[in-house]
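Take a look at the structure below.
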There are 2 protein chains.
Amino acid sequence: MPDPITRKPTIIDVASLAGVSIKTVSRVINNERHVSVDMRTRVRQAVTELGFEANESARGMRSLAPEKSYVVAHLYGDAGGLYTHDIQLGLMERCRYFGYHLVVEELDYQSPDVERRAKDLVKRLKLDGAVLTAPLTDNEIVLSVLDEAGVPYVRVSPVTEVPHLPSVRIDEKRAAYQMTQHLLTYGHKRIAFIRGLPNHAATIYRFEGYAQALKEAGLEVDLGLVEDGEFRYFATIPCARRLLERDEPPTAIFACNDEMAVAVIKVAHEMGLTLPDDCSIVGFDDIPTSEMLWPSLTTVRQPVPRLGAMAGDLLFTRLSPLGTSEWPTPVPHQVLPHDIVLRGSTAPLRQP
Amino acid sequence: MPDPITRKPTIIDVASLAGVSIKTVSRVINNERHVSVDMRTRVRQAVTELGFEANESARGMRSLAPEKSYVVAHLYGDAGGLYTHDIQLGLMERCRYFGYHLVVEELDYQSPDVERRAKDLVKRLKLDGAVLTAPLTDNEIVLSVLDEAGVPYVRVSPVTEVPHLPSVRIDEKRAAYQMTQHLLTYGHKRIAFIRGLPNHAATIYRFEGYAQALKEAGLEVDLGLVEDGEFRYFATIPCARRLLERDEPPTAIFACNDEMAVAVIKVAHEMGLTLPDDCSIVGFDDIPTSEMLWPSLTTVRQPVPRLGAMAGDLLFTRLSPLGTSEWPTPVPHQVLPHDIVLRGSTAPLRQP
DNA sequence: CTGAAAGCGCTTACAG
DNA sequence: CTGAAAGCGCTTACAG
């Protein structure tokens, strides 16, 4: 017989110390009803005295209700960027509040690896839930892995809204429409647009808003003024150069995220242009850098950490003990407000 | 008897289908030796035919060797910042390579909460390992929780090196020394220094390098030229203003991270100073913004993602099947190389 | 190389 | 309100 001091105490040790059956111990540690106060006290005391901790494996073997893992995942598809980090910041804050832990997983949506990795994640960690950001929000493989495993998830800014899948986003199209109107109001007519990666709501709807504003102003989208910057600084440098070196350069440039707008400002500086007089430049997101620049950047403020926090709130409300393990009806589709932040990088069109 | 189609298949189902004992099935699925090829094939076939998956709870109940979780954590103490994100970027890449998942946890080291949260994390997720960044690297509570749970960890840029605890860092002091020398070579003598948060190696050793370079040049540290910017942009704005509005303003400012240097540049612009002629400004880290600025920032390039990746490599090498569950001897203390990146924000001292 | 039996630490289902 | 017994799906230790 092993030394009782070295062995981890079991429910049997607790029962014999408290002088009750193991079933009673089980009832107490699981907070079941129908236990007398006396029993409860004696068991509680024995538990603390022995430092007893229930063996989760043994529990998991018999329990019908699978034990909650208290782990949720943020699944994202694009390596870097402040966007990802800010979503995590907001989500993390809610995780802490609700007592969950956050696992972050970058899934390469173009690789055959996705399915294996997603499945491994779900199985190994027994995920209680997930938050998806672009472009995984619309990735059929990832969604079906989660669906099959019964893992509830919230999509942040999906391309396609699906009625029964909760989502959180801003009104991308309207924001881009308003920003374009701001430029039009300043008298600009030759307004270039720099797109991000395809398959992102941020690219698709922002471009739509831009196009609609032009159209309503009686202007046409000039595809010669549309470039693809992949959301990234370095990819945007040549785009900005092409635009600004045209015979008739645009008088305003709308980059559909701030990182790309920063690249445009840099190129303009290098070319010796005076900002914002020679060219108005606007971005989208309001990353911290935008305010730090000179001139500081006119942009759309998207409450990114709040998007993450809101996604967490939806998830944790459903996962709470009171939750019905169903999404509420109607399924939530939150649209958070954005702001048009006017700063130093835009100015009225200079008269020729 | 339940419908065999709805029930998850067990080792018994596999055994009876394959016509062997459950023990043989156990041997095959655990890749033990001493099983004939014939048996092995029959069992394998039955496993795939039934879609059998071992029940981890049942396994965990008997197994002596605790099952690996394939989860490691990045524990950090300060909310935001690109540094944290870049560490994760590098670490994540190694996680993927070695087949691990990454949980990120922000622990408020000033709250009594830390211990409870750290313990919950270790227990719930059965962490296989952890990577710590400042200021948790030197937090006794967190370290002891990990030690007691037997979770191996790697510290990134700890304040105090401990021989038996692996670490990864750059030579902060030498880098700051070199950067200060760069300013001295340009003829600067009134060089201000902006510190970050206390308890960070980044604050302590960078200041030491600065002080040593001054001393060797026969100069003294003027505490009137030392400010505390908490590593953050907004906290640094008033510091920069105080410095630049002095009767005898510094001719150069060394901010001990880039975010603070960016704030200095912003304030200088707002005051109408010409950069770098009126004031040379340097930072530390080489965040992406530094290159995007105008003028772009002279700084120390710290390979942050590589620090994260290296921490991961140390951890995963120890966790690998071949690992001895001990750190190698001698315990690794990696010092990665840094670069002094000269850009547009520094210039020789203008002769009065 | 293979198998029959015991038992891990709990929860379930049933009886009182 | 309490308990005695069975059994979850595996691995361990032992026997052949």
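Proteins get letters first, then strands, A, B, ... in listed order; numbering begins at 1 in each.
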| query | Of all heavy-atom pairs between B:Val156 and B:Ala311, which one has the smallest distance, and what is that distance? | reply | CG2-CB, 4.1 Å
| query | Which atoms form the tightest heavy-atom contact between B:Gly99 and B:Tyr70, and what is the distance? | reply | O-CD2, 3.7 Å
| query | Which residues in residues 34-41 of chain B have at least one heavy atom lying under 4.0 Å from any atom of DNA chain C? | reply | B:His34, B:Val35, B:Ser36, B:Met39
| said: Without decimals, in angstroms, what is the distance between A:Ile12 CD1 and C:dT11 P? | reply: 12 Å
| task | Could you pull out the closest heavy-atom pair between A:Asp128 and A:Val151, with the gap in Å? | result | C-CG1, 4.3 Å
| remark: Between CD1 of A:Ile11 and C1' of D:dT2 the distance, given in whole Å, is 14 Å
| query | What closest approach, in Å, do B:Leu91 and B:Gly312 show between heavy atoms, and which atom pair accounts for it? | reply | CD1-CA, 3.6 Å
| message | Which is more 5' along DNA chain C, the nucleotide nearest A:Thr10 or the one nearest A:Lys23? Just name the residue. | response | A:Thr10
| remark: From the candidates C:dG9, D:dC10, D:dG3, the one with an atom nearest any side-chain atom of A:Ser21 is D:dG3
| Under a 4.0 Å N-O cut-off, is there an ion pair linking A:Asp120 with A:Arg116? | no
| request: Taking side-chain contact (heavy atoms from CB on, under 4.5 Å) as the test, write out the residues that go with B:Glu105, two or more places apart. | output: A:His101, B:Leu75, B:Val103, B:Leu107, B:Arg117, B:Leu121
| Base-pairing string, 5' to 3', of DNA chain C - Watson-Crick or wobble, under 3.5 Å, | interstrand | |||.||||||||.|||
| request: Using atom CD of B:Glu53 as one end and atom P of D:dG9 as the other, report the distance to the nearest whole Å. | output: 14 Å
Close N or O pairs between protein and nucleotides 14-16 of chain D (under 3.5 Å):
none

| Taking atom CE of B:Met92 and atom NE2 of B:His85, what is their separation to the nearest 0.5 Å? | 8.0 Å
| request: Mind calculating the distance between CD1 (A:Ile29) and P (C:dC10) to the nearest angstrom? | output: 6 Å
| said: If you compare all heavy atoms of B:Cys95 against all heavy atoms of B:Val72, which two are closest, and at what distance to 0.1 Å? | reply: SG-CG2, 3.8 Å
| query | Between A:Ser26 and C:dC10, does any side-chain N or O lie under 4.0 Å from OP1 or OP2? | reply | no
| said: Ignoring hydrogens, what is the shortest heavy-atom contact between A:Ser157 and A:Thr137? Give both atom names and the distance. | reply: O-OG1, 4.2 Å
| said: Which residues pass the side-chain contact (heavy atoms from CB on, under 4.5 Å) test with B:Lys23, not counting sequence neighbours? | reply: B:Ser21, B:Ser26, B:Arg27, B:Glu32
| task | Check every strand shown and say whether A:Ile22 touches a base, only sugar-phosphate, or nothing at a heavy-atom separation below 4.0 Å. | result | base
| message | I'd like to check the side-chain contact (heavy atoms from CB on, under 4.5 Å) partners of B:Asp138; sequence neighbours left out, ordered by chain and number. | response | B:Arg155, B:Pro158, B:Val159, B:Thr160
| message | If you only use heavy atoms from C-beta on, which nucleotide in D:dG3, C:dG3, D:dC10 is closest to the side chain of B:Ala58? | response | D:dC10
